[in-house]
Structure formats: C-alpha cells, structure tokens
Amino acid sequence: MGYLIAGNWKMNGSPALARDLAAALSAKARARAPRAAIALCPPAPLLAAVGAAIQGTSIALGGQDCHFADKGAHTGDVSAVLLKEMGCRYVIVGHSERRADHHETDAVVKKKAEAALRAGLVPIVCVGETDSERETGETAAVIARQVRGSLPDAATGANCVIAYEPVWAIGTGKTATVADIAPVHAQIQTLFGEGGPAGKRAAAGLTILYGGSVKGSNAAAILACPGVGGALVGGASLDAEDFWKIVTACP
Ligand code: PEP
C-alpha cells in the first residue's frame, strides 16, 4: 500500500459538520487527485452523511471501532459487518482512548481486528506507549506486547494497517521526533513479520501510520521519517484546510 492519511474525528461532529467537511475534502480530491489514500472515520451515526458526500471520489470511509462479534445482543456496539455494509473500507481498532476508556485488552483488540478481516475491512490496529511507560524505558516492551497480542494471525501487509500512536503525543500538541518514531516503526515491521502461533506473516507492503498531534505544520517532517507510511490524524482532521495540508505533505 502507498501512503494513507486517516482522519479520526473521535466523538466530534454533527450532521452539518459531516456534510460540510466531507464536501470540502471531496471538492479538493476532485480538483487534484491526491497521491495518498485518504480515509475519514466519523462517529458511527455520521457514516451515511459522510459516505454520501465522498461518493465518486477516492476518499474512503472508516469506522472508529467495531465489536468482535458479527451480530447479536451487544447494545450500543457496531459490527464490522454493518460498517462494511455502510460502505466502510477501514476500521480503527485498539485506539488508546478505547483501551483506556473501555479497558480493551490486546486479546479483545485482536478479536476485533479478526472480525474486521472476516467482514472484508482493513483494520487499522493502534499501538503505543504511555508517558510513564516511556519515562521508565518500557517503550519497546510495550510495543512488542501490543503487536504480538493485538494482531490477527491472518493479518498481512496487504489486508491490515498498523498505527503507532504514542499516547503522550495524542491530543497534547507534543510531537515525537524522528528519533522517537523511526526505531518503533522498524520494530513494528519486524514484529509483524515474525507472526504468531500460525507462523510468519507476509509483511511485504505493510503500511505503518504515525499518529499523535500530526498537523499541517509538522506533517512533512513526520511523513519523511523512515518507515512512516502515513498518518492517523485526530484534531487536525476536523479542519479541511489543515487536513489537506497533511494529505499534500505525503512524499
Ligand atoms: C488520534 O486520535 O488518533 C490522534 C492521533 O489524535 P491527535 O491527532 O489529535 O493527537
């Protein structure tokens, strides 16, 4: 896969914002074909509005989470199957906010990513260390545990995306440096190829995104880091101009 810029709107937006933001980005994508693949991940109730606004463009739709079951008695949850039927190509799983707010473990994240693959979606599996884990020098151990525990055996470089999102850089304005990012991306690439109980994975073409306060002003430097294949963007994805600066910063 080439570069991917995915916008995670989190629990923000409204029908009006969904329509206006997605329409503004669609107009930009129509005017000049972007080099990067683009995905918009709005809150589930806004998927239809965003889907309608991006129709006929190269912009893809994504969910922010899915349940690990395909259907059933899980009030408030959304299945990967339904996301696929709503026109999604991607679904984010294991975002640090879900790991924290909903106590999602690596095992749960892995089951969600498996559900995404079953449904024909590309899971964007998030991993990343907290500030205190970083301070105590545990980054590599945390990344190893999360990648080994959260990735399906059936994941390949062609059907799965990983996002490295240091928790200390999410929504804080703190951006990681090349020295922070490059070694972790290299570690993820190696770990992914090692695979799990089912053996090695086909890691060729794996896209590893960076996420954490990416914005128009720092995107070029981040996207030029070795091993970085795109960005998962939170705050800046709610501003069409800033988000587009990130898209056009892809080398
Ligand atoms: C995110 O939500 O995945 C994220 C990286 O947020 P922000 O860009 O706001 O730090």
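For ligands, and for the atoms within them, numbers begin at 1 and follow the listed sequence. Side chains included, hydrogens not; waters and symmetry mates left out as well; all remaining heavy atoms used.
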Which residues pass the side-chain contact (heavy atoms from CB on, under 4.5 Å) test with Pro226, sequence neighbours left out?
Val178, Ala182

Taking only heavy atoms of the protein into account, state which residues are under 4.0 angstrom from an atom of ligand 1, in chain and number order.
Asn8, Lys10, His95, Glu165, Ala169, Ile170, Gly171, Gly211, Gly212, Ser213, Leu232, Val233, Gly234, Gly235

Report the residues that fulfil ring pair (Phe, Tyr, Trp, His ring centres under 6.0 Å) with Phe243, sequence neighbours left out, ordered by chain and then residue number.
none

Please answer whether the main-chain N or O of Leu151 pairs with a side-chain N or O of Arg201 as donor and acceptor at a distance below 3.5 Å.
yes

Please list, chain by chain and in numerical order, all residues satisfying side chain to side chain donor-acceptor pair (under 3.5 Å) with Lys112, sequence neighbours excluded.
Asp65, Glu104

CG/Asp70 to OG/Ser79 distance, rounded to the nearest 0.5 angstrom?
7.0 Å

Under 3.5 Å, is there a donor-acceptor pair between the side chain of Asn12 and the main chain of Trp9?
yes

